[in-house]
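Just below is one structure, and these are the notes that go with it.
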Protein chains: 2
Amino acid sequence: MTSSSSARRTTIIDVARAASVSRQTVSNVINSPERVAPETLARVQAEIDRLGFRPSRAAQSLKQERAGAWGLELNSAGFGRLGAILDIFLIELTTGAAERGSHVVPFTAADSAAPLPAYERLVASRVADGFVLTDTRRDDPRPAWLEAHHVPYAAFGRVWDDPGITSWVDVDGASGVEAAVHHLAGQGYERIGYLGWPEGSPVGDDRRSGWVRATTDLGLANPEWQARSTQSLPSACRAAAGLLDLLGRGAAIVCASDTLALGAWRVLLERGLEPGVDIGLVCFDDTDIAEALDLSSLHQPLDRVADRVLHLLATGPDPRDPAGGLLLPPELVVRSSSKPAGNRTTRKEK
Amino acid sequence: MTSSSSARRTTIIDVARAASVSRQTVSNVINSPERVAPETLARVQAEIDRLGFRPSRAAQSLKQERAGAWGLELNSAGFGRLGAILDIFLIELTTGAAERGSHVVPFTAADSAAPLPAYERLVASRVADGFVLTDTRRDDPRPAWLEAHHVPYAAFGRVWDDPGITSWVDVDGASGVEAAVHHLAGQGYERIGYLGWPEGSPVGDDRRSGWVRATTDLGLANPEWQARSTQSLPSACRAAAGLLDLLGRGAAIVCASDTLALGAWRVLLERGLEPGVDIGLVCFDDTDIAEALDLSSLHQPLDRVADRVLHLLATGPDPRDPAGGLLLPPELVVRSSSKPAGNRTTRKEK
DNA sequence: TTGTAGGCGTTATCAT
DNA sequence: ATGATAACGCCTACAA
């Protein structure tokens with residue numbers, strides 16, 4: 001960095017002087033160009049460009065009584081990192097906010113189990129006009145608090161506690177898994193198992209329900225063909241091994257996450273089976289791992305989620321959408337791990 | 001979200017009225033408590049707490065002519081995501097900034113190859129007082145531009161072009177790899193190879209130099225025992241396979257990244273070799289993958305990097321540090337992939 | 001120790 | 001079409 005300089009940035013007054021108009025006219029050129037004579041407009045605009053003038057955000061905020069920023073709690077799940085999904089979501093959100101003339105202000109709560117003080121600070125100091133919530137959970141204290149304090153918010157993830165709340169967007173895990181199952185069935189697989197998380201997680205249960213629905217619809221249902229595992233690799237390997245014992249070769253597995261898929265992938269390797277040849281594999285969340293392992297996976301449309309969240313923040317919940325928030329379907333990215341089942345007769349040549 | 005309310009937030013005047021003092025006294029209570037009579041202080045403080053008053057950030061910024069925020073370009077490498085390192089760095093930076101009364105303002109450049117307009121906007125509108133740079137590269141236009149415009153900045157990553165610039169912090173890749181080699185040698189490994197990136201990347205070359213130095217120091221040097229690969233898994237697998245052919249069982253490999261390690265890990269599995277038993281493995285960047293695969297890896301001290309970056313921003317480059325920025329050593333996290341070489345005689349029982 | 005005055009840069013309102 | 005005035009909330013300097 002450099003010595004903090006003395007050179008004051010140019011203000012609206014500098015522009016006004018340079019263009020020989022009042023500062024109000026400069027303001028009009030920026031905010032209501034239609035009220036300014038074309039000739040004046042051009043002259044002032046030229047000075048604005050020449051001097052590189054931009055209104056001070058602080059002065060605007062003060063005058064307009066809005067910060068022009070949305071707060072985003074990082075680490076609201078308490079993992080100390082965003083993870084592959086929120087990582088990308090943050091970028092989409094930041095870009096989308098900029099397109100709408102706003103900023104994103106990330107913050108962390110000292111105690112992720114009791115985050116409200118952090119929200120309160122930002123509201124009280126008027127740093128954020130509202131919030132984007134992520135990692136919503138059952139008994140999440142945030143929506144109720146924000147409602148009570150009349151603070152705008154929109155959630156990436158369902159607001160579970162109150163069906164009356166519609167200011168959320170989520171990815172439709174059930175329909176995603178459903179699509180994956182249909183895809184695998186279309187590739188010729190007839191035994192399609194599910195490797196998911198332990199019961200009780202809303203996201204996990206949602207995804208599993210897609211497997212139940214799709215296999216039932218297709219007449220391929222078998223409640224035995226599933227296993228549950230936490231997000232640790234050893235656990236995933238154990239679960240995948242058990243599931244593979246049940247399913248046998250020529251079957252397919254849909255995994256609730258890429259970590260689970262990594263476990264399954266490892267077991268396949270240990271057994272000399274090749275994904276997409278001996279066993280079909282599709283996982284959720286199109287992360288680095290899925291890409292690296294060339295696994296078919298369900299890609300979350302995070303750009304659209306971010307767009308919708310910003311829209312909700314800007315306009316409030318859509319009254320045409322009274323029954324609930326918006327569910328966006330993930331997109332299946334087909335890679336080599338779900339090649340047509342016919343391929344499995346051909347042995348791999350590596 | 002809720003209807004944007006009419007309830008105006010409490011201001012310093014509300015507090016002044018409630019406590020029957022002038023607004024100036026309230027200001028003093030907050031900014032110079034020592035100049036206020038204890039009794040008055042308590043009374044005013046009580047009202048501040050009761051009303052939940054916090055100074056408006058916009059008004060403060062306007063008056064103090066500083067935004068109280070540091071800009072952070074997301075996606076400056078153009079990948080569309082932060083990645084495992086910047087993900088955590090962002091959280092550390094956000095937390096550290098909050099401790100110092102500032103915020104982090106993330107932003108993206110429309111064209112990550114020509115990011116300066118985005119920086120210029122933030123400076124001109126006084127949204128950010130300075131910037132944290134990441135993904136610094138050779139011929140990076142940002143440091144020079146920021147210097148020229150007297151905008152404070154500090155980089156996570158060396159500023160390569162100008163050795164006179166000392167406002168950066170980086171992780172010492174060379175010494176990290178060196179430590180890894182010494183660790184492996186201490187575990188009894190005698191053939192220690194290196195799986196790195198193609199020549200020409202500053203970060204990669206730096207890490208490789210640690211391998212050269214350590215193996216030379218230990219008398220274990222063999223320039224043949226290395227392979228180069230891009231960050232794609234197939235490429236990593238090919239390179240790892242070739243390296244393993246050279247090294248044979250009982251050797252160890254240090255990898256420049258976790259993706260490369262994933263490739264090596266895969267090849268081991270395919271050959272029925274177990275990491276930490278038949279082949280020692282250490283990788284850089286202690287990411288999810290390293291954790292999931294139980295690989296020993298070099299953990300970057302991102303909390304300290306963030307702390308130092310914020311310190312640099314607050315105070316300017318340290319004049320006691322005229323020779324360059326600060327290199328922090330990564331910490332070796334030992335997991336099962338670098339168990340003592342003696343273990344390799346015992347066959348795995350799984 | 002406390003209070004008063006002025007201004008940071010902008011925009012809305014109301015004149016001209 | 002353009003300009004003057006006031007106000008957003010706070011803080012620094014100075015006055016009492």
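Note on naming: letters A, B, ... go to the chains in the order of the sequence lines (proteins, then strands), and numbering restarts at 1 for each one.
Put simply, the side chain of A:Lys63 and the base of C:dT10 share no donor and acceptor less than 3.5 Å apart. In the interface, the side chain of A:Arg66 is not paired with the base of D:dG9 through any donor and acceptor atom under 3.5 Å apart.
Side chain of B:Arg43 to main chain of B:Ala19: a donor-acceptor pair is present (N/O by atom type, distance under 3.5 Å, no hydrogens or angles).
Projected onto DNA chain C by closest heavy-atom contact, B:Arg126 and B:Arg23 fall at different nucleotides, the more 5' of which corresponds to B:Arg23.
Here the nucleotide nearest the side chain of B:Gln24, chosen from D:dC8, C:dT4, D:dG3, is C:dT4. Closest to the A:Ser56 side chain, of the nucleotides C:dT10, C:dA12, D:dT2, is C:dT10. If you check D:dG9, D:dT2, C:dG6 against the side chain of A:Thr25, the one that comes closest is D:dT2.
Note on A:Ser22: every side-chain N or O is 4.0 Å or more away from OP1 and OP2 of D:dT2. Applying the 4.0 Å criterion to OP1 and OP2 of C:dG9, one finds that A:Gln60 has every side-chain N and O outside that range.
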Can you list, pair by pair, the side-chain donor-acceptor contacts under 3.5 Å of residues 63-73 of chain B, counting residues two or more places apart and other chains?
unit_1  : atom_1 : unit_2   : atom_2 : d
B:Glu73 : OE1    : B:Tyr119 : OH     : 2.6
B:Glu73 : OE1    : B:Arg142 : NH1    : 3.1

Pairs under 3.5 angstrom only: tabulate donor-acceptor contacts from the side chains of residues 101-114 of chain A to other protein residues two or more places apart or in another chain.
unit_1   : atom_1 : unit_2   : atom_2 : d
A:Thr108 : OG1    : B:Thr95  : OG1    : 3.0
A:Asp111 : OD1    : A:Ala113 : N      : 2.8

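A salt bridge does not link A:Asp140 with A:Arg158: none of the charged nitrogens is closer than 4.0 Å to a carboxylate oxygen.
The residue B:Ile12 sits close only to the backbone: its heavy atoms come under 4.0 Å of sugar-phosphate atoms, none of a base.
Taking atom CZ on B:Arg57 and atom C1' on D:dC8, their separation rounds to 17 Å, with Å as the unit. The CD1 atom of B:Ile13 sits 8 Å away from the P atom of D:dG9 (whole-angstrom rounding).
Of the inter-residue distances, the one linking A:Leu90 atom CG with A:Leu74 atom CG reads 7.0 Å to the nearest 0.5 angstrom. Rounding to the nearest 0.5 Å places OG1 of B:Thr11 at 9.5 Å from CG of B:Leu51. The CG atom of A:Leu146 lies 11.0 Å from the CD atom of A:Glu120; values are rounded to the nearest 0.5 Å.
Of the residues in residues 26-50 of chain B, those lying under 4.0 Å from DNA chain D by heavy-atom distance are B:Ser27, B:Asn31.
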